[in-house]
4 protein chains.
Amino acid sequence: MSNRELRVGLVGAGLMGSDHATRIHRRISGASLVAVGDPDLERAERAAAGIEGCQVETDPLKVIEASDVDAVVLATPGRTHEPLLLAAIERGIPVLCEKPLTPDSKSSLRVVEAEVAAGRRLVQVGFMRRFDPEYAELKRTLHAGALGRPLLMHCAHRNASAPPGFTSQMMIFDSVVHEFDTTRWLLGEEITAVSVRHPRSTANAPSGMTDPQLVTIETASGVLVTVEIFVNCGFGYQVRCEAVCEGGTAQVGGDSGMTTHVRGAWGGSVAPDFRPRFQQAFDEELQRWADAARAGGIDGASAWDGCAAAAACEAGVAAQTSGARTPVQLVERPGLYA
Amino acid sequence: MSNRELRVGLVGAGLMGSDHATRIHRRISGASLVAVGDPDLERAERAAAGIEGCQVETDPLKVIEASDVDAVVLATPGRTHEPLLLAAIERGIPVLCEKPLTPDSKSSLRVVEAEVAAGRRLVQVGFMRRFDPEYAELKRTLHAGALGRPLLMHCAHRNASAPPGFTSQMMIFDSVVHEFDTTRWLLGEEITAVSVRHPRSTANAPSGMTDPQLVTIETASGVLVTVEIFVNCGFGYQVRCEAVCEGGTAQVGGDSGMTTHVRGAWGGSVAPDFRPRFQQAFDEELQRWADAARAGGIDGASAWDGCAAAAACEAGVAAQTSGARTPVQLVERPGLYA
Amino acid sequence: MSNRELRVGLVGAGLMGSDHATRIHRRISGASLVAVGDPDLERAERAAAGIEGCQVETDPLKVIEASDVDAVVLATPGRTHEPLLLAAIERGIPVLCEKPLTPDSKSSLRVVEAEVAAGRRLVQVGFMRRFDPEYAELKRTLHAGALGRPLLMHCAHRNASAPPGFTSQMMIFDSVVHEFDTTRWLLGEEITAVSVRHPRSTANAPSGMTDPQLVTIETASGVLVTVEIFVNCGFGYQVRCEAVCEGGTAQVGGDSGMTTHVRGAWGGSVAPDFRPRFQQAFDEELQRWADAARAGGIDGASAWDGCAAAAACEAGVAAQTSGARTPVQLVERPGLYA
Amino acid sequence: MSNRELRVGLVGAGLMGSDHATRIHRRISGASLVAVGDPDLERAERAAAGIEGCQVETDPLKVIEASDVDAVVLATPGRTHEPLLLAAIERGIPVLCEKPLTPDSKSSLRVVEAEVAAGRRLVQVGFMRRFDPEYAELKRTLHAGALGRPLLMHCAHRNASAPPGFTSQMMIFDSVVHEFDTTRWLLGEEITAVSVRHPRSTANAPSGMTDPQLVTIETASGVLVTVEIFVNCGFGYQVRCEAVCEGGTAQVGGDSGMTTHVRGAWGGSVAPDFRPRFQQAFDEELQRWADAARAGGIDGASAWDGCAAAAACEAGVAAQTSGARTPVQLVERPGLYA
């Protein structure tokens, strides 16, 4: 990997886009946000606020074509994607495109054909579940083979409530699209057919929508995938997937990490050492420390905390050998640490 | 926060130090590694390998004193910390110091006094549990007050096996030190006394060590904390903490995230929407995409995956209204995506 | 309830029948087994062995018509049930009939009509899930209404392996029949339609059977119930049911008792006091003590155990006030308790 | 086992005693309640109400000495036990004695000596946890040896609130006494010493009591057992025990049955077939059917339920082969089943 910082242009500064702006600026190593494009200027400016040297555009194409933009994050509505993707492919720069790629398969195919013509894969679709630790563990488990071939999957995809204007079609295009992708990705094969059934609907669904719906997916090898999509489930957000294989099952998105049922036992795995268990804590610690250090300070346990821990350790070691309750000797806390 | 990159010097390139080198280089936003110091030159060079412009030193002080180093990560053994910390305080730069601060409370106090004299907090101790999502949630829960005042805590700290040379004293200084810090941090008060008891020891303990040990911690307000430290427990790594309060309990480090027992019910919380549930996935997705984009490519779902998902969505929407099983129409996969 | 013992006749001494024989003889209060009928005399004699005064018949009808039989347990294959049930209705005695009632709805209807003609409900079908503590709690929860109206249910019914001779039809008649009944019982409404789909089959299915199968049940109010029936799942026996309602979900047959997801939280209930928590233990204790007492002895903690507990309690109370480790004073264990 | 019914006399008709009266009368096979003795005549009569032929006494000794009493359940306060136990031993009849055996070890020893003199074990102490399925599984697991030798146990024993008049001493004698017995029973060795510590107390404790308390038990082989006793914990009733062994841990009383941590995995076991999974349901089904049958009726799924299930099965089998949604044909429900 080159040492040079990746200069990212963001197109679309709505909910998802502004989230990505913060993420790129604050949490992603080796990348900086240099341009934000949104027809709504105020929104674009809000997303770029406080980011030194980040330009703002109302024409998305200007972001894609800017000479100092190395790569693009595309977070506008799906119907606007096609020309923007084609422009990026034309320029030969990588794009992270929030799903959907485009709103229909014909236009999607045109994007594919443009990539094929260019001879390089430049477009990545934002199916983020592929990066979720539990889904990744499920894929590793299925591929390791100890559970045998997958036969069925049972999925539930539930939102507390759908945003205003959410339609029955969007339940497929915006929600079940994730199950379409995880099905293909987990099983490594194409989807061949889809069925949808409508159970009794919740009274909380807006008029014109039946919710929940029950989608059944078939794959080339005959695996059936049931998907409950329920966008007004009321209680919270839940995404669950259970793979039923010839020799056992594996489930993610439950309340206990990935669990399996195999050979008379159910359960999960224990971390072998502190690194997997606390990796996220180490990352967070270093990121917050670096943020604070750039301002000349710290953000975590202080020298005083280290001193108090040392005093407790000394009492602990004395108690180890004496067997007696050992008071901790600690000076008064200096005002600096009040 | 300034937009300028934080130039980090790393002192100590052992297991922990080289982990941090990779972390700073690959995962931390706004920071880059500019120097590595370790008396073992080869180790220092290994940690710096592939990081453009990263200098290597065998004298740790040279790293701390380098004019282009803005902040230091200190990952050498505890006994070497004091002079290095004093040098950093002298220079007025932030240090992230892996625990322990120093090996005893007298020298720790000297570090504190140097900071007090400098009038700024510059030293952060690497108690990473404060950044663990579950511990952070436990602290929020205790402070929110719905469980009432804490009365007792029960902790278990278990390692599959201790490294060679690990001693009984190190069980306190290297392991229980984390429980000393989390006790102080979670409860917001000082530790007043410590007791240690020795149950029957595992046959897997090296001679001269009794393992497990049972440590009891008392705090200023009278909370008792039991800590089982077991560094050769055999089955894996496990760090658990249950706070027992006047109105209920909260436990972290179990197998199901933070759970509580309160008012006749046990359980955990459900994410309100997709952002907390998939935050880690989004971070990982963007980081890996940025890494790939710097090399001109992608690392995730391709345009073909987006096209296949669009075709499935179209079949799904047709099935929604027809009620019939609907085949998915998909062209042949182009060779680019083989 | 009368104080008089119920004299039970058992018809069918196979796996299920002989289980019931032991159960009635050993665990059911107020009932005794007085007759066993099975065309296989040896099997009948084995089931009746050791039960004082229990007669044996090869003609099942003789058991039903015996004047000292107050009630009948019917555990023969379903195809033999009709005439036996009609005979019991004719005699006016209660029957517990293992499922199925009869192998088809026409013959079942004749049994119903005979009961209607007799004007009394005498036939009970052995749908034992209605008596499972978790299913009973699920029904109470659905009826309490806090979760709102049910919309969907997801069921899994898995056996480690099917017995030889088990057919695809039996997957419906012997296995899914339980989900048919629990659906009707939990929801309090009739089933209106059934669909079945065949995913890729396990290699462990005998030839001529596809396994697993995916059954979808519709009810009068429009609730959809998905049932995965998998009779060669390999890993063990698992029966699971999740009810998805307007305001939350409730699941039984998982690994943690009944759990719900509602209003941003997941989890289960905590026993209010020791009686629900240890009710099964008390029942088992008393039953085993009564069994032992009939032979003049005990089966549980001895007087010595009580004495040792008293000595520990005395040390405990002394330690409560002294704060010191207090040795337990205990005489040598008498030989009687060796 | 003899076929003759065990005639049980109950001494003490308080909360526990009247529970046992119902249990013996309604749930225990081969036993009937023939006498109830309590100084409070009204209480005794309430416990005996509706039990044909059950006599009532105000002098407990009369129950023990009644010629038609084969065995005694003793549920009076512990301070009254000694003379009653000695009388039963004198008569040579089995006694199930609610804990404690007697209130102190000297008097307990006199009971032991009387049994030794009689040469038979007749007294059983009501430590019901030995009959709890999870504790029984824990004992089997510890003895099977796969986890290695036990080194530590961690117990929590929590009540929502203590009854009025409950004292600090009773926390040991009435509550921790269960942990004393389970420690001895699980580990198969005697307790050698006890310590007690007092953390900050809940504001919900009555004056004069500190609650919770932390009890540490030592056994002959050096196992340490920590017991948190908390009789006003507020949230419910919870009894938990984790055994920490050389090769792993096993925990009962959590929220998921017995779970273990061993060789890099955590979890529990899956039932091999329907009998262990539904044993309790079968027992309950048969008991309730027998109760109903004695009154000439049934209590469970009716013939109509069997008929409706048969109709659904027929539709299911048709759907299996047709692949089509198949309506269920069902006649109107007869009035008898309304």
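Small disclaimer: the values here were computed from a predicted structure and weren't measured. Protein chains get the first letters and strands the later ones, always in sequence-line order, with residue 1 at the start of each.
- Using a 4.5 Å cut-off between heavy atoms, D:R325 touches chain C through backbone and side chain atoms alike.
- Of the atoms belonging to D:P133, it is side-chain heavy atoms, and not backbone ones, that fall under 4.5 Å from chain C.
- In this structure, the portions of D:D283 lying under 4.5 Å from any heavy atom of chain C include both its backbone and its side chain.
- Both the backbone and the side chain of D:L109 come within less than 4.5 Å of a heavy atom in chain C.
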Trace of the salt bridge (Lys or Arg N to Asp or Glu O under 4.0 Å) decision for C:R130 with D:D305: CA-CA 12 Å; C:R130 298 186 178 202; D:D305 295 320; 3.4 Å; yes
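- For C:I89, no part lies near chain D; criterion is any non-hydrogen pair under 4.5 Å.
- Only the side chain of D:Q213 comes within contact range of chain C, with at least one heavy atom under 4.5 Å from a heavy atom of that chain.
- The part of D:R184 that comes within reach of chain C is its side chain, from C-beta onward, which places non-hydrogen atoms under 4.5 angstrom from that chain.
- Heavy-atom distances place no part of C:V227 under 4.5 Å from chain D, backbone and side chain included.
- With a 4.5 Å cut-off on non-hydrogen atoms, D:L15 touches chain C through its side chain but not through its backbone.
- With a threshold of 4.5 angstrom between heavy atoms, D:V116 approaches chain C through its backbone and through its side chain.
- For D:A324, the part lying under 4.5 angstrom from a heavy atom of chain C is the backbone only.
- For a residue to count as touching a neighbouring chain, one of its non-hydrogen atoms must lie under 4.5 Å from one of that chain's; by this rule C:E190 touches chain D with the side chain only.
- Of the two parts of C:V112, the backbone and the side chain both hold a non-hydrogen atom closer than 4.5 Å to a non-hydrogen atom of chain D.
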